[in-house]
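The next block holds one structure in the form of structure tokens; read it before the comments.
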Amino acid sequence: MVELGKMELENKKSPVAKLGELTLLYIQELGSIAIFFSKGFFLIFSLPLHLPRILQQIQFIGTKSIFVICLTGAFTGMVLGFQGYYSLVMFGSEGFLGSAVSLSLIRELGPVLAAIMVTGRAGSAMAAEIGIMRISEQIDALKTMNINPIRFLISPKIAAALISFPLLTALFDVIGIFGGYLTGSILLGITPEIYFSRAETSVLMKDINGGFIKSIFFAIIVVSICCYQGYYTHTRSEGGFGAKGVSLSTTNAVVHSCVIILVADYVLTSFLM
Amino acid sequence: MKQPLIQLQNVYKQFGSTVVLDGVNLNIYKGETTTIIGKSGVGKSVLLKHLVGLIEQDKGEILIDGTPLTGMKTKQIAAFRNKISYMFQSTALFDSMTVFQNIALPLEENTRSGKKAIRAKVQEKMKQLDIIGIESKYPSQISGGMKKRVALARALVTDPEIVLFDEPTTGLDPIRKSAVHSMISNYQKKLGFTAIMVSHEIPDIFFISQRVAMLDEGKILFEGTPEAFQNSDEPAIQQFIQGLTTRHDDLTGVAHQTQGEQRFKEALARFNRYGIHFSIILLTVENLNEIYHQDVHAALKNLAHQAQKITRITDTCSRYGMNRILIILSDTRYDQAKKVCAKVVDGIKLSGGGIIKPYPEFCFSVSAGIAEVREGNRMEDVVAGAESSKSIVYEFNLC
């Protein structure tokens, strides 16, 4: 009867009230994610350091993402080269293609696309791995062995993401600029010297730093959301202790990470400009 | 008066609208093996998880050496967890680590032992549990039985003071099951740790436990020695002890032949390892196969009933073939078996062969054979020995 009453009350709530509730829940979850990240971050420095596990994670998040980053970076640069050339040629300023490609990549596309690609490749795997560890009681087993699961599982991932993301972003930028050169100079005939000299003169240290700052923020977002979703798989009302729970956690991890990356990108850009 | 090491005082736990623990009071004493038994899904594993702090109770207290677990500071909890090991029902092995890394992990993380010392310790445990040669394999590459033993090795590698076993022998074959039980018992005696075990393995757990606690409907229904448990008049306990009913042979109400054979193997393993003698009685309804009358089958049922009435909880009574009942009498020599057999025969005679309605040309007889297991015997040999010594003990005829 009480349950029925609750359900009726739930149905009677206005859409505005429901939206408000959802917003509050979302903010609450963001707060929990922030606390979760802080715990994991500070435990990186607790002794003895987990260096082998951090290196293992750098290999997983960083090294294994190199191919995807190179591939997407190259094609993004090549597309930018095409689009940029045909837009600039209308104003007779195709000589600025180097500036257009390099600035778009370094300021925006490099950090954002690299973060989204790593979310798809490593973030989903992190959420699924931790989720499976949760439902198969491996995280409980760590607790009973007096091993802090956050320090053992999450901290190395945070450290590895903070190291890997800026490096992968840099790689994406370099490959992208080279991709722009391939279409702009090799295919469409812009002199290579002009392409690279424009790129060199227009890109300032402020732009490169801004790109790196973004990539660090994105690293925090991706690793926190993905690990959090996996770690608390069992608390979700749907699917909880099962394969469905893990699949939902993985989906949520990827979707939430991508959305928040784009929102954070807007906020960060407005601060950095 | 002996002070309990762990005390559960009125522990209450509810998940949603389901009350799992409804005021549990239990004492765990140092250096003893306490087995928690109860029906499936009654909350035994939940209770065990409370003891290690994986689940926190809604109400009540859990005292460790007199200190409440919930009031402990982080350092106290860490110190307590260093003394305790937990073997999970699902094994909870780390699937991204090899068997060696799994067993070595608690040593690597919580001790200052060098790599050589850790390797030596892990290999010692692996040798004791007969899992040598799988060090570099991953949990997904080994069998369920092996996983159980790897989990057991991981639980015991730190030489803990308290070990919690959540169904440690589920899924193991009889010989391994017997080996694991005897190993837990031996280690417990040798190292003196306090063992808390959740198990369904009746009667095996009675051999290795000093105390038994039965959880039923969220409360501890019984707490005491295995002997007191077996002799309890409480209907729920008796029902639980005989709770193998769901696995019983439909006709006779005794265990299936496969269960009887498994028990024989376990008893044989105990005999071979520890020299614990055992005997068998083979009761045969001689002409059951020739007569297709339902009363004869009722006679077989009665025979099984009489046999089961006379056997102890540690004995096994099972159907053996179409017309035979096999009684395995643990820790019993030939002479004692003869006395037990005489009691069964008296029971049959008194009951007059069961609910037989006499009719012309109806006759059947019951014969009994006894054999004691000797060294090197296989089941077939012992059964053949009982067959050769059998004699007609009861005849019913209206021929």
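Small disclaimer: the values here were computed from a predicted structure and weren't measured. So that the names make sense, note that chain A is the first sequence line, chain B the second, and so on, each numbered from 1.
Chain A is approached within less than 4.5 Å, heavy atom to heavy atom, by B:Lys49, B:Val52, B:Leu54 from residues 42-65 of chain B, ordered by number. For a heavy-atom cut-off of 4.5 Å, chain B lies close to A:Leu142, A:Lys143, A:Thr144, A:Met145, A:Asn146, A:Ile147, A:Arg151, A:Phe152 in residues 142-169 of chain A. Against chain A, the residues from residues 98-108 of chain B that qualify, each with a non-hydrogen atom under 4.5 angstrom away, are B:Leu105, B:Pro106 in number order.
Using bins of under 30°, 30° to 60° and over 60° for the plane-to-plane angle, the ring pair A:Tyr232/A:Tyr228 lands in the tilted bin.
Residues A:Ala253 and A:Ile225 come closest through the heavy atom pair O-CG2, 3.8 Å. Scanning all heavy atoms of the two residues, the minimum distance from A:Gly131 to A:Thr233 falls at CA-OG1, 3.4 Å. Of all heavy-atom pairs between B:Asp22 and B:Glu217, the closest is CB-O, 4.4 Å.
Screening A:Asp265, A:Ile261, A:Ile216 for a side chain to side chain contact (heavy atoms under 4.5 Å, CB included) with A:Ile221, the sole residue that qualifies is A:Ile261.
For the pair B:Lys121 and B:Asp159, the salt-bridge criterion is met [side-chain N within less than 4.0 Å of a carboxylate O].
A donor-acceptor pair under 3.5 Å links the side-chain atoms of B:Gln14 to the main chain of B:Gly16, judged by distance alone. Distance alone, capped at 3.5 Å, places no donor-acceptor pair between the B:Thr194 side chain and the B:Lys30 backbone. Between the side chain of B:Gln210 and the main chain of B:Thr33, a donor-acceptor pair closer than 3.5 Å is present. Listed for the B:Gln188 side chain is a donor-acceptor partner under 3.5 Å among the backbone atoms of B:Phe193.
Under the 3.5 Å distance criterion, with hydrogens and angles disregarded, no donor-acceptor pair is assigned to the side chains of B:Thr34 and B:Glu32. Side-chain contact, B:Ser209 with B:Thr35: a donor N or O sits under 3.5 Å from an acceptor N or O.
Atom CZ of B:Phe15 is surrounded by more than 12 heavy atoms from other residues, nucleotides or ligands within 6.0 Å.
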Expected list for residues 23-31 of chain A: side-chain donor-acceptor pairs under 3.5 angstrom, two or more places apart:
{"unit_1": "A:Thr23", "atom_1": "OG1", "unit_2": "A:Leu19", "atom_2": "O", "d": "2.6"}
{"unit_1": "A:Glu29", "atom_1": "OE2", "unit_2": "A:Gln229", "atom_2": "NE2", "d": "3.4"}

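Both the backbone and the side chain of B:Ser90 have a heavy atom closer than 4.5 Å to some heavy atom of chain A. Proximity to chain A (any heavy atom under 4.5 Å) is shown, for B:Leu164, by neither the backbone nor the side chain.
Remark: A:Arg134 is positioned above the aromatic ring of A:Tyr231, its terminal NZ or CZ atom under 6.0 angstrom from the ring centre and at most 45 degrees off the axis.
For the set B:Leu93, B:Ile84, B:Thr91, the count of heavy-atom pairs under 4.5 angstrom toward chain A peaks at B:Leu93. Contact tally against chain A (heavy-atom pairs below 4.5 Å) for B:Tyr86, B:Phe94, B:Phe80: the top residue is B:Phe94.
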